[in-house]
Visitor: 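One structure, pasted below without further comment.
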Amino acid sequence: MIWEFIQNQILGMKWMSTLFGNLLEKIGLDTSSRMGGSVQFFLYDVLKITILLCILIFMISYIQSYFPPERSKKIMGRFHGIWANCIAALLGTVTPFCSCSSIPLFIGFTSAGLPLGVTFSFLISSPMVDLGSLVLLMSIFGSKVAIIYVIVGLVIAVIGGTIIEKLHLENEVEAFIRKANAVDIDMDEPTQKERLSFAKQQVIDTFKKVFPYILIGVGIGAVIHNWIPESWVEKILGSDNPFGVILATLVGIPMYADIFGTIPVAEALLAKGAQLGTILSFMMGVTTLSLPSMIMLRKAVKPKLLGIFIVICAVGIIIVGYFFNAIQYLLV
């Protein structure tokens with residue numbers, strides 16, 4: 001009962017939905033209608049996600065201040081083999097939320113001479129799995145789903161990086177990165193005031209970048225939640241369509257958003273009867289393989305390596321989707 005209260009009222013902020021519903025009813029807007037329900041969904045989800053966004057980014061940025069690129073590089077350099085991939089994947093959980101922000105770090109690590117497979121484990125896990133996604137997924141799907149999602153995301157990152165390492169694709173990295181000279185710069189340890197200032201600035205910068213996608217995502221979620229017939233969603237993304245996971249992954253790949261923008265869409269799809277694994281595949285496709293991030297990555301690697309990276313991630317995402325669909329009855 002205590003955990004349900006935390007999940008529904010603290011993380012999910014269901015009280016806020018009720019509050020908005022009561023306020024809208026008082027001004028004469030029927031929240032049981034499509035229009036009223038859409039307005040309630042939009043106001044509630046925008047405010048809820050914004051609050052979670054600011055709190056989570058502040059907390060994660062504060063933690064991230066202990067792992068600047070130079071320190072992360074040194075930590076990863078101490079390990080070898082699959083352990084190095086595991087450490088890289090774990091470090092990816094305390095770095096930027098979107099794939100486009102992770103690519104400059106990937107380039108820096110690769111230029112510094114870290115093994116290619118290790119840097120790709122970092123690149124996969126950074127947008128796909130982070131501490132923020134754990135909390136946000138808990139608020140909608142519950143703790144079991146969130147924890148398993150993080151675990152399988154890390155597994156994809158480790159396996160994907162290991163495969164790339166075994167293929168010996170170092171020559172597929174653009175020459176300007178391979179020939180770059182890494183420079184180690186010793187920096188003073190930040191004070192607590194500087195860490196807090198860094199975290200505050202990260203909240204401001206990330207909010208400015210992410211908020212438009214929150215509005216778009218919540219808008220799409222409101223339409224799905226109140227205007228799209230449940231039978232349509234069940235037919236396309238429900239258990240009756242064995243290709244729903246593949247479709248959701250392919251639809252998600254061309255989009256650009258982070259987990260904050262995909263959460264309201266996922267929430268609406270779940271309410272309409274879409275399968276859990278299908279929803280998670282869509283979210284992973286959007287956050288990991290967005291078209292803008294692939295264009296950025298192409299500047300750093302050649303087409304062959306880029307194609308292998310996309311295939312590894314897409315196959316992993318699809319496998320995870322079918323896995324969650326198979327065990328969904330155990331999680332809900």
Visitor: Which heavy-atom pair separates Met138 from Ser143 by the least distance, and what is that distance?
Guide: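 Distance-wise, the nearest heavy atoms are CG-CA, 3.9 Å.
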Visitor: Side chain of Ser125, backbone of Ala89: donor and acceptor closer than 3.5 Å?
Guide: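 Pair found, side chain donor or acceptor close to backbone of Ala89.
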Visitor: On a heavy-atom basis, which atom in Ser61 and which in Gln202 lie closest, and how many Å separate them?
Guide: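 Heavy-atom minimum between the residues: OG-CB, 3.2 Å.
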Visitor: Closest approach of Met76 and Ala84, non-hydrogen atoms and distance?
Guide: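 Smallest interatomic distance, heavy atoms only, reads O-CB, 4.4 Å.
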Visitor: Output, in order, the C-alpha distance, side-chain angles, deciding distance and verdict of side-chain contact (heavy atoms from CB on, under 4.5 Å) for Ile164 and Leu305.
Guide: CA-CA 8 Å; Ile164 289 174; Leu305 179 52; 4.1 Å; yes
Visitor: Show every ring-ring contact (aromatic ring centres under 6.0 Å, His included) that has at least one partner inside residues 280-319, sequence neighbours left out.
Guide: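 Residue pairs passing ring-ring contact (aromatic ring centres under 6.0 Å, His included), neighbours aside: Phe120-Phe309.
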Visitor: To the nearest 0.5 Å, what is the distance between CD1 on Ile60 and OG1 on Thr93?
Guide: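 Rounded to the nearest 0.5 Å, the CD1-OG1 separation comes out at 8.5 Å.
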Visitor: Given the rule that I, L, V, M, F, W and Y join up when any side-chain heavy atoms are under 4.5 Å apart, are Ile263 and Val251 in one cluster?
Guide: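 Ile263 and Val251: one cluster.
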Visitor: Run the side-chain contact (heavy atoms from CB on, under 4.5 Å) check on Leu19 and Tyr44 step by step: do they pass?
Guide: CA-CA 9 Å; Leu19 176 63; Tyr44 159 64; over 6 Å; no
Visitor: Kindly list each side-chain donor-acceptor pair under 3.5 angstrom involving residues 218-229, sequence neighbours excluded, with atom names and distances?
Guide:
residue	atom	partner	partner atom	Å
Asn226	ND2	Gly37	O	3.4
Asn226	ND2	Ala222	O	3.2
Trp227	NE1	Ser38	OG	2.8

Visitor: Following the transitive rule for hydrophobic clusters with a side-chain heavy-atom cut-off under 4.5 Å over Ile, Leu, Val, Met, Phe, Trp and Tyr, establish whether Leu47 and Ile10 coincide in one cluster.
Guide: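 Yes; tracing contacts between hydrophobic side chains, which count when under 4.5 Å, links both residues.
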Visitor: So does Met16 have more than 12 non-hydrogen atoms from other groups sitting under 6.0 Å from CE?
Guide: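 Enclosed.
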Visitor: May I ask you to check whether Phe122 and Phe106 place their ring centers less than 6.0 Å from one another?
Guide: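 Judged by ring-centre distance (under 6.0 Å), Phe122 and Phe106 do not meet the cut-off.
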Visitor: Which heavy-atom pair separates Ser139 from Leu52 by the least distance, and what is that distance?
Guide: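 That closest heavy-atom pairing would be OG-CD1, 4.5 Å.
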Visitor: Any chance NZ of Lys302 has more than 12 other-residue heavy atoms, nucleotides or ligands included, within less than 6.0 Å?
Guide: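 Count over threshold, so yes.
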Visitor: What distance separates Ser197 OG from Gln192 CD, expressed to the nearest 0.5 Å?
Guide: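 The distance works out to 12.5 Å.
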Visitor: When you compare the side chain of Val245 with that of Leu280, does any pair of heavy atoms fall below 4.5 Å?
Guide: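 With C-beta onward as the side chain, the pair stays apart.
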Visitor: Taking Thr288 for its side chain and Gly285 for its backbone only, find out whether a donor-acceptor pair lies under 3.5 Å.
Guide: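 The answer is no, because no donor-acceptor pair under 3.5 Å joins these two groups.
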Visitor: Look up atom CG in Asn171 and atom NZ in Lys304, then write down how far apart they are to the nearest 0.5 Å.
Guide: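 Answer rounded to 0.5 Å: 9.5 Å.
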Visitor: Kindly indicate, with the supporting measurements, whether the criterion side-chain contact (heavy atoms from CB on, under 4.5 Å) is fulfilled by Ile310 and Met294.
Guide: CA-CA 9 Å; Ile310 292 173; Met294 293 304 98; 3.7 Å; yes
Visitor: Would a distance-only check, ignoring hydrogens and angles, find a side-chain to backbone donor-acceptor pair under 3.5 Å from Glu174 to Lys299?
Guide: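 Not a single qualifying donor-acceptor pair exists.
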Visitor: Whether the side chain of Ser126 engages the backbone of Leu123 through a donor-acceptor N/O pair (distance < 3.5 Å, no angle test) should be reported.
Guide: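 A pair under 3.5 Å: no.
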Visitor: Would you say Leu247 and Phe243 make side-chain contact, with heavy atoms under 4.5 Å?
Guide: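 Heavy-atom side-chain distance check fails, nothing below 4.5 Å.
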Visitor: Is it possible for you to say whether Ile151 and Met128 belong to one hydrophobic cluster, with membership spreading through side-chain heavy-atom contacts below 4.5 Å?
Guide: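 Yes: a chain of side-chain contacts under 4.5 Å links Ile151 to Met128.
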Visitor: Begin with the C-alpha distance, continue with both residues' side-chain angles, and end with the deciding distance and a verdict on side-chain contact (heavy atoms from CB on, under 4.5 Å) for Val203 and Ile55.
Guide: CA-CA 8 Å; Val203 170; Ile55 294 173; over 6 Å; no
Visitor: Donor-acceptor check, side chain of Glu194 to backbone of Thr191, threshold 3.5 angstrom: yes or no?
Guide: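 Looks like yes, one N/O pair under 3.5 Å.
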Visitor: Using a 3.5 Å distance criterion without hydrogens, assess whether the side chain of Glu165 forms a donor-acceptor pair with backbone atoms of Gly117.
Guide: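 Such a contact is found between Glu165 side chain and Gly117 backbone.
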Visitor: Is the side chain of Asn241 donor-acceptor paired with the backbone N or O of Ile236 at a distance under 3.5 Å, no angle test?
Guide: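 Here the side-chain-to-backbone pair exists.
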Visitor: Does the Ser33 side chain pair with the main chain of Leu29, one donor and one acceptor, at a distance under 3.5 Å?
Guide: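 Such a contact is absent between Ser33 side chain and Leu29 backbone.
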Visitor: Looking at CD1 of Ile57 and CD1 of Ile204, how far apart are the two atoms once the value is rounded to the nearest 0.5 Å?
Guide: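 One gets 11.0 Å once the value is rounded to the nearest 0.5 Å.
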Visitor: Out of curiosity, Leu23 CG to Leu43 CG, how far, rounded to the nearest 0.5 Å?
Guide: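 Leu23 atom CG to Leu43 atom CG measures 9.5 Å (nearest 0.5 Å).
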Visitor: Would you find a donor on one side and an acceptor on the other, under 3.5 Å apart, between the side chain of Arg195 and the backbone of Ser65?
Guide: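 Side chain of Arg195 to backbone of Ser65, a donor-acceptor pair under 3.5 Å: yes, one is there.
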Visitor: Quick check: are there more than 12 heavy atoms from other residues, nucleotides or ligands sitting under 6.0 Å from CD1 of Ile82?
Guide: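 Check fails, neighbour count at 12 or below.
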Visitor: Grab the two heavy atoms, one from Cys86 and one from Val158, that are nearest each other, plus how far apart they are.
Guide: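 That closest heavy-atom pairing would be CA-CG2, 3.9 Å.
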Visitor: How close do Ala274 and Leu270 get, counting heavy atoms only, and between which atoms?
Guide: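 Closest heavy-atom pair between Ala274 and Leu270: O-CD1, 4.1 Å.
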Visitor: Salt bridge between Lys272 and Glu267, side-chain N to carboxylate O under 4.0 Å?
Guide: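 Here Lys272 does not pair with Glu267 in a salt bridge, since their nearest N and O are not under 4.0 Å apart.
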Visitor: What's the spacing between Phe141 CZ and Met283 CE if we round to 0.5 Å?
Guide: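 Those atoms lie 5.5 Å apart.
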Visitor: State, yes or no, whether a side-chain contact exists between Val39 and Leu24 at a heavy-atom distance under 4.5 Å.
Guide: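 They are in side-chain contact.
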Visitor: Could you list the donor-acceptor pairs under 3.5 angstrom formed by side chains in residues 311-326, with sequence neighbours left out?
Guide:
residue	atom	partner	partner atom	Å
Tyr322	OH	Pro242	O	2.5
Asn325	OD1	Gly277	N	2.7
Asn325	OD1	Thr278	N	3.4
Asn325	ND2	Gln275	OE1	3.4
Asn325	ND2	Thr278	OG1	3.3

Visitor: If we only count heavy atoms from C-beta on, is the Glu25 to Thr31 side-chain gap below 4.5 Å?
Guide: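 The answer is yes; the side chains approach within 4.5 Å.
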Visitor: Honestly curious: do Phe198 and Phe58 fall in one hydrophobic cluster under the side-chain, below-4.5 Å linking rule?
Guide: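 No, no single cluster joins them.
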